[in-house]
Every structure is written in structure tokens, then in C-alpha cells.
Amino acid sequence: MIIERAIVLGAPRSGTTFLMSALGTLASAECVSGNLLPVGVAHLAAQELPDRVREALERSFRMALGDYLSTSLYHARAAALRKWWTASRRPATLAAALEGRRVESILVYKEPFLAFAPEFTYAALPQARLLYIYRDGRDVADSLVRTYDVLTDRKLADLETNEVHMGRKVDDLYVPWWVDERDSGSFLQASPYLRAVWMWREMVRRCERFFAREDVVASGRVLRVRYEDLIREPLAQGEAIVEHLGQQLTPALRKRLEGAHPRSVGIHRRREPAELVEAERLAGAELGALGYELFSRAEVEV
């Protein structure tokens, strides 16, 4: 019976999917991404709210995770067999899977947009362990626009995307709530890539500020994971991650981690030099604080 909770959060395209797929090979872990918590809750939780509203949202989050574990979807024989195939494949455990019996001891949930509201996540699940994964924001933005075509003028025409669930209308477009009102014009003039850098910056600012608090650090509940380290040293990072979750490194997890490759590290360098200069103007302080190399205007323009 699952009694533990863990949350993976970090900006979209920061490696959360790879991390979840790796943890999914643990027979002791049920890994779920999105769906259980409407993404709008993550945006709403990042706002200044009355205590009673915030507490209601926190209860809803706890209940959503608990309800999932009581559904027929989770307890279905097909679900148990899928988990057996992913994480075990040992003949000795097949009988239990055929009967729909589950053996997980921890539920790991991922919602990248909770990076807007780390304090909400921390407070809603006071016993849960958190994995905060971060990545070079220039690479994050490049991956976002290439993979999902985010934050284009077409997608800013309404509030129907995960990135812009709340905002204010300026002329014919919506400016996300996470952009300061004074910067609305600059945001709308920026390319989708730079808008994605803007979003990464806001998420990182919030996470770094909250996770640096003395009481949060002292709790031992949060493990910071650098994506580039995870890709380059997957086994060492994997051991730290499973230890944080109270689990053990298994052969299946080891194999999945060993399949990591660094090809996506530094992908932002193929973008136009002028765009990279502007990206560093927007988020240079955050990139530098996280240890990422910055390029001067002259170096980028060469």
C-alpha cells in the first residue's frame, strides 16, 4: 500500500520527463504526470490568495493524489501488468500482477507548472519529498519552442494554453500573469523563444528563493537536481535521488539512467546571436547564479 508522496517539479523541458521515466522503472514507485491536478491550480496557487482559498487548494491537491490511488484505473489488472512489465518482469511477481495487486510504497507526481508555486507544493504535502530539477534556461526555451511551439502570438490570443492560463489583455493578445505589467510591451515585442526564457526566469526565481529559505533547507525535504549533472553523471545522481526518496537503485533503473546522453546540452548555441544576447539580458543573473556560462555580447556576435 502506498503511503509516501514525492513531487517532481521544474520548468517544462528541464528533464522532468526523463527523470520520471527513470523512476518509473522502480517496482516500489508509482509515477504519474499531470492530469491529477488541473494546471490552472498551479497558476492560481502562485497568486496572493486569502488563507481559506489557499488551504482549500492544498486540500484539493492532497485529495487528488489520494483519490487516484483509490480508483479502479490504478487497481485494474491491466495497470498492474503494465507496471510489472516496466519495473519487474520477474516470474515470481507475475502472479500478483495478474491479480491486480500493487506493491508500490511511494507515489511520485510530476507537474512542471508547480515550479510557479513551490511554497504551495511544500505546504500542501508536509510529509512529501520534493525533487527540484533545473536546466540551462536557454536550452529550456529552445526545447519549448521547437517541441511545443509555445507563446506565439497565435497562442497568446486566448488563455487556453498551459503557459498562459491567466493573464491581462493588451490590444488583441494576452500577457501572462508572470510578466510584470510594466514589461507588457517588451514581452509582446519579444520572440517566442525570448518569451519562453522569460517564463523560465520567473519559475527559477520563485524556486530558488523558496528553496533557499533556512527552514526549508533544514527540513531535508528538497533535493536540487541539475539536469546537466544528471545527464553526465547519471548513476551518481541517480543514487542521490533514490536515497532522497527512501528507495534503492535497481538494475532496471541503472540501465535506464545509463541510457542518458548529453546531446541536448547547449542546444541554444544554434540560435541567432542577437537572440542569445537578449536572452542573457533577460535572465543573465539567474543563469549566472546557477553556474551556467555566460557569453559577452562580443563573444556571441563573433
* So which of Asp183, Leu156, Asp172, Val179 actually passes side chain to side chain contact (heavy atoms under 4.5 Å, CB included) with Leu188? -> Leu156
For [X] and [Y], indicate whether the former's side chain and the latter's backbone hold a donor-acceptor pair under 3.5 Å.
| X | Y | answer |
| --- | --- | --- |
| Glu111 | Phe113 | yes |
| Lys83 | Leu26 | yes |
| Arg206 | Glu119 | no |

Heavy atoms, side chains only, cut-off 4.5 Å: are [X] and [Y] in contact?
| X | Y | answer |
| --- | --- | --- |
| Glu278 | Arg281 | yes |
| Leu223 | Leu130 | no |
| Tyr227 | Val140 | no |

Residues [X], [Y]: salt bridge by 4.0 Å N-O rule:
| X | Y | result |
| --- | --- | --- |
| Arg138 | Glu293 | no |
| Glu55 | Arg52 | no |
| Lys169 | Asp158 | no |

* Answer yes or no: does atom CG of Asp180 have more than 12 heavy-atom neighbours from other residues, nucleotides or ligands under 6.0 Å? => yes
* Inspect the surroundings of CZ in Arg168 and state if more than 12 heavy atoms from other residues, nucleotides or ligands are less than 6.0 Å away. =>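 For Arg168, atom CZ is crowded (more than 12 foreign heavy atoms under 6.0 Å).
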Cut-off 3.5 Å, side chains only: do [X] and [Y] have a donor facing an acceptor?
| X | Y | result |
| --- | --- | --- |
| Tyr122 | Ser219 | yes |
| Thr250 | Lys255 | no |
| Gln247 | Ser28 | yes |
| Glu30 | Tyr68 | yes |
| Glu4 | Ser105 | no |
| Tyr148 | Ser143 | no |
| Tyr292 | Glu286 | no |

* Once you round to the nearest 0.5 Å, how far does NZ of Lys110 lie from CG of Leu131? -> 13.0 Å
* Does the separation of the ring centres of Trp178 and Phe187 fall below 6.0 angstrom? -> yes
Partner residues of [X] under the ring-ring contact (aromatic ring centres under 6.0 Å, His included) criterion, sequence neighbours left out:
| X | answer |
| --- | --- |
| His244 | none |
| Tyr193 | none |
| Phe211 | Tyr132 |

* To do: Carefully, step by step, assess Glu104 and Tyr74 under the rule side chain to side chain donor-acceptor pair (under 3.5 Å).
  => CA-CA 11 Å; Glu104 296 88 355; Tyr74 171 68; 2.8 Å; yes
* Dump the intermediate steps for salt bridge (Lys or Arg N to Asp or Glu O under 4.0 Å) on Arg13 and Asp142, then the final yes or no. => CA-CA 9 Å; Arg13 309 305 293 175; Asp142 184 84; over 6 Å; no
* Grab the two heavy atoms, one from Arg195 and one from Leu151, that are nearest each other, plus how far apart they are. => NH1-O, 2.7 Å
